[in-house]
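These numbers were taken from a predicted model, which means no experiment stands behind them. All values below come from the heavy atoms of this structure, side chains included, with hydrogens, waters and symmetry mates left out. Here is the naming used below: chain letters follow the sequence lines, and residue numbers restart at 1 for every chain.
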Amino acid sequence: MELPEVENVLRTLPRDLVGRRIKRSIVIFPQRVCCVTSAVLHRRLKGAALAAFDRRGKFILLHLDTGAVLIWHLGMSGRVSVEASLAPMKHLLMAVRLDDGRFLKLYDARRFGRISLAESDHLPSHPFFARLGLEYDDPALTPDALLVSARGFRKRSVKEALLDQSFVAGLGNIYASEVLFSARIDPRRPVRTLSRRELARLLDSIRGILHEATTHGGTSIRDYVDAQGRRGDYQYLLKVYGRTGEPCPHCGSSSSIMRIVQGGRSTFFCPRCQK
DNA sequence: ACAATTACCTGTATGC
DNA sequence: TGCATACAGGTAATTG
């Protein structure tokens, strides 16, 4: 799940969760709990009330009235839902039982999702966030800031840089290809060779694509659904991702969308438009 | 110190 | 019908 999907999960969490107190927590896969023991996690959650929900990059932050923050990362296949019973347990990573009997649940078939807990005063120093890049809508994210960061990558391609969460927080494999197509930049270019002008275009594309995808409820190619179980619409608006062999929607040349592999992940682009 | 590869997982689609 | 392979919204550990 990338930023637009995570944002839509947050937006679709029932508002009446706020104020509910946690009776107990259940961790099915302690291996997915990071930086804190399950025992400490349970102790810190029990009796606390849900206070606010937000996001940093792809991390979901569930703020409690005690100052503790429960952190969930959805990995590739994570799902959040609120249900009346603990069952079904299949693919359940963790759940919290609330004082009204409901369960706030994190499912993840592939178990790449991650769980942690931090104190809200110390969030920036938590290992999840210490090296995380700026939010795409942060005014501090400027072409010059990207230029400085890009120069720090010795020979990474711009596609690989977009997947690196220290460059910009929140992009994943789908939107990295879409952003580069929108900016007309060849994904194979070493990121340090991009001019300030090109990075400005890249930044405009990052902002445009992530905002548009969020507005459309995210991308549901296979499994993704929000916290209400609804699919997004952005899969219908993808210009290059998953469209190998299709005509380019910009230059129109037939079967021009190519798939290549970079860092073990698929990249889709139009070699005619993207220089 | 760095870049490239492998590891962690399960589910689904495809081809023999 | 198996069975083998490829691939999937991500990141960390390991290898050279």
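A donor-acceptor contact under 3.5 angstrom links the side-chain atoms of A:Arg110 to the base of C:dA8.
Side-chain atoms of A:His73 lie closest to C:dG10 of the nucleotides B:dG11, C:dG10, C:dA8. Closest to the side chain of A:Arg111, from the set B:dT10, C:dG10, B:dA3, is B:dT10. Side-chain proximity of A:His91 to the nucleotides C:dT11, C:dA8, B:dT10 is greatest for B:dT10. Among the nucleotides C:dA12, B:dG11, C:dA8, the one closest to the side chain of A:Arg114 is C:dA12.
A:Asp16 and A:Arg102 are joined by a salt bridge, as a carboxylate oxygen and a charged side-chain nitrogen come within less than 4.0 angstrom of each other. With respect to the salt-bridge test (charged N to carboxylate O, under 4.0 angstrom), the residues A:Lys23 and A:Asp99 do not qualify.
Remark: P of C:dT11 and CD of A:Glu160 are 14 Å apart, rounded to the nearest angstrom. Rounded to whole angstrom, the span from the CG atom of A:Leu106 across to the C1' atom of C:dG10 amounts to 14 Å. In this entry the distance linking CE of A:Met1 with C1' of C:dT11 reads 14 Å, nearest Å. Put simply, CG on A:Asp108 is 11 Å from P on B:dG11, counting in whole angstrom units. Nucleotide C:dA6 holds its C1' atom 9 Å from the CZ atom of A:Arg259, rounded to whole Å. Going from atom CE of A:Met76 over to atom P of C:dA12 covers 14 Å, rounded to whole Å. The distance between atom CZ of A:Arg79 and atom P of C:dA8, rounded to the nearest whole Å, is 21 Å. Taking atom CG of A:Leu132 as the reference point, atom C1' of C:dT11 lies 12 Å away to the nearest angstrom.
Looking at heavy-atom distances under 4.0 Å, A:Leu74 makes no contact with the nucleic acid at all. A:Gln31 comes within contact range of no nucleotide atom at all, as no heavy-atom separation falls under 4.0 Å. Heavy atoms of A:Arg222 sit under 4.0 angstrom from at least one base atom. A:Ser77 comes within contact range of no nucleotide atom at all, as no heavy-atom separation falls under 4.0 Å.
Listed pair A:Lys155 / B:dC2 fails the phosphate criterion, with no side-chain N or O lying under 4.0 Å from OP1 or OP2. At least one side-chain nitrogen or oxygen of A:Ser266 sits closer than 4.0 Å to the OP1 or OP2 atom of C:dA8.
Of all non-hydrogen atoms in A:Leu50 and A:Ile22, the two that sit nearest each other are CD2-CD1, 4.4 Å. The nearest pair of heavy atoms linking A:Met1 to A:Lys58 is O-CD, 3.5 Å.
Taking a centre distance below 5.5 Å and an interplanar angle below 30 degrees as the stacking criterion, A:Phe112 does not stack against the six-membered base ring of C:dT11.
C:dC7 sits 15 Å from B:dT5 when the P atoms are compared, rounded to a whole Å.
Rounded to the nearest 0.5 Å, atoms CD1 (A:Ile28) and OG (A:Ser38) are 10.5 Å apart.
Comparing A:Glu2 and A:Phe128 by the nucleotide of DNA chain C whose heavy atom lies nearest to each, the residue mapping closer to the 5' end is A:Glu2.
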